[in-house]
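For reference, the structure discussed in these notes is given below.
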Amino acid sequence: MRARVGDLPLDQFGRGPFRGNLEWAADLIPLYLVYQPQRVYGASFNPVVLKWNFTAGRRVVPFVAAEGGVLFTTMEVPPGDTSRVNFTPTLAGGVYIFPRERRAIALSVHVTHISSANLGNKNPGINSSVQFRVGYFWFK
């Protein structure tokens with residue numbers, strides 16, 4: 001479950017297949033599950049979501065994104081004298097499919113690195129967090 005707010009600070013830019021717009025957004029993720037030897041619950045906030053929407057098409061709009069946020073968990077992630085606070089830089093790619101105007105189904109893949117940036121005594125990080133997401137968006 002995720003709540004997102006955002007804005008398109010720039011109009012269409014460029015030509016041909018690379019034409020698009022820059023989108024800024026922020027995400028609030030009230031439930032974030034991490035599976036390690038024990039299931040760990042957390043919440044995350046991504047104040048920086050920068051997305052380039054390739055808008056040359058009308059019904060199908062691919063996008064790429066860079067995200068940055070923080071993850072707060074009930075136990076150390078990864079386990080072993082690390083930290084319950086981690087940072088979550090993410091690269092993503094996906095596509096919006098518009099079944100009708102101002103409504104879209106989003107399919108995306110997100111690759112996230114989870115790291116405490118040495119907030120704990122150890123900082124092994126998690127390099128292979130891959131998420132597949134499906135979402136539905138209402139645009140103004």
Side-chain angles (χ1 to χ4, degrees):
M1 189 167 98
R2 166 183 307 267
R4 172 171 280 181
V5 295
D7 191 19
L8 298 170
L10 301 175
D11 289 331
Q12 300 292 319
F13 182 80
R15 294 185 184 170
F18 296 107
R19 177 180 150 205
N21 57 27
L22 179 66
E23 178 182 348
W24 166 85
D27 286 338
L28 176 63
I29 304 148
L31 179 60
Y32 196 113
L33 295 175
V34 179
Y35 294 95
Q36 45 191 33
Q38 291 181 310
R39 187 176 352 189
V40 179
Y41 297 92
S44 182
F45 176 60
N46 294 341
V48 178
V49 178
L50 297 175
K51 184 186 295 183
W52 183 261
N53 299 303
F54 295 93
T55 59
R58 291 184 178 256
R59 294 188 55 106
V60 177
V61 177
F63 62 83
V64 293
E67 306 174 1
V70 63
L71 170 64
F72 303 95
T73 54
T74 56
M75 296 171 52
E76 294 174 337
V77 173
D81 202 20
T82 57
S83 179
R84 293 180 1 179
V85 177
N86 283 280
F87 299 95
T88 56
T90 301
L91 294 176
V95 64
Y96 289 120
I97 301 168
F98 287 86
R100 61 184 219 194
E101 190 174 342
R102 301 181 188 272
R103 303 288 187 264
I105 298 167
L107 306 172
S108 59
V109 176
H110 299 250
V111 178
T112 302
H113 173 74
I114 298 175
S115 172
S116 70
N118 290 318
L119 292 176
N121 291 327
K122 296 179 183 174
N123 183 29
I126 299 173
N127 288 314
S128 60
S129 174
V130 178
Q131 302 171 4
F132 298 94
R133 298 182 190 170
V134 176
Y136 191 78
F137 287 79
W138 293 265
F139 295 97
K140 287 186 172 187

**Study point:** Asp27/Ser44 under side-chain contact (heavy atoms from CB on, under 4.5 Å): CA gap, chis, key distance, verdict
**Key:** CA-CA 8 Å; Asp27 286 338; Ser44 182; over 6 Å; no
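- Note: Glu76 CD to Gln38 CD = 11.5 Å, rounded to the nearest 0.5 Å.
- Minimum interatomic distance between Ala104 and Pro99 (heavy atoms only, all atoms of both residues): CA-CD, 4.1 Å.
- Residues Thr55 and Asn21 share a closest heavy-atom pair of CG2-ND2, 4.0 Å.
- The side chain to side chain donor-acceptor pair (under 3.5 Å) contacts involving residues 83-94 comprise Thr90-Thr112, where partners must be two or more places apart or lie in separate chains.
- Residues Val49 and Phe45 fall into different hydrophobic clusters, defined by Ile, Leu, Val, Met, Phe, Trp and Tyr side chains chained together at heavy-atom separations under 4.5 Å.
- Residues Tyr41 and Tyr35 share a single hydrophobic cluster, defined by chaining ILVMFWY side chains whose heavy atoms lie under 4.5 Å apart.
- Side chain of Glu23 to backbone of Ala65: no donor-acceptor contact under 3.5 angstrom is found.
- The two atoms that bring His113 and Gly125 nearest to each other are CE1-CA, 4.4 Å, heavy atoms only.
- Under the 4.5 Å side-chain heavy-atom criterion for ILVMFWY residues, no single connected hydrophobic cluster contains both Val109 and Leu91.
- By the criterion of side-chain heavy atoms lying less than 4.5 angstrom apart, applied directly or through intervening Ile, Leu, Val, Met, Phe, Trp or Tyr residues, Phe72 is grouped together with Leu119 in one hydrophobic cluster.
- Checking Asn123, Asn121, Thr82 one by one against Ser116, the side-chain hydrogen bond (donor to acceptor under 3.5 Å, both in side chains) holds for a single residue, Asn123.
- In terms of heavy-atom proximity, Ala56 sits nearest to Pro17 at CB-CA, 4.1 Å.
- The two residues Gly14 and Arg19 come nearest to each other via the heavy atoms O-CG, 3.6 Å.
- Across every non-hydrogen atom of Phe98 and Arg103, the tightest pair is CD2-O, 3.1 Å.
- Each of Phe137, Trp138, Tyr136 was compared with Tyr96 under the ring pair (Phe, Tyr, Trp, His ring centres under 6.0 Å) criterion, and only Phe137 meets it.
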**Study point:** Steps toward side-chain contact (heavy atoms from CB on, under 4.5 Å) verdict (Phe13, Leu22)
**Key:** CA-CA 9 Å; Phe13 182 80; Leu22 179 66; over 6 Å; no
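- Linking ILVMFWY residues whenever their side-chain heavy atoms come closer than 4.5 Å, directly or via other members, leaves Val61 and Val95 in distinct clusters.
- For the pair Phe63 and Trp52, the minimum side-chain heavy-atom distance is 4.5 Å or more.
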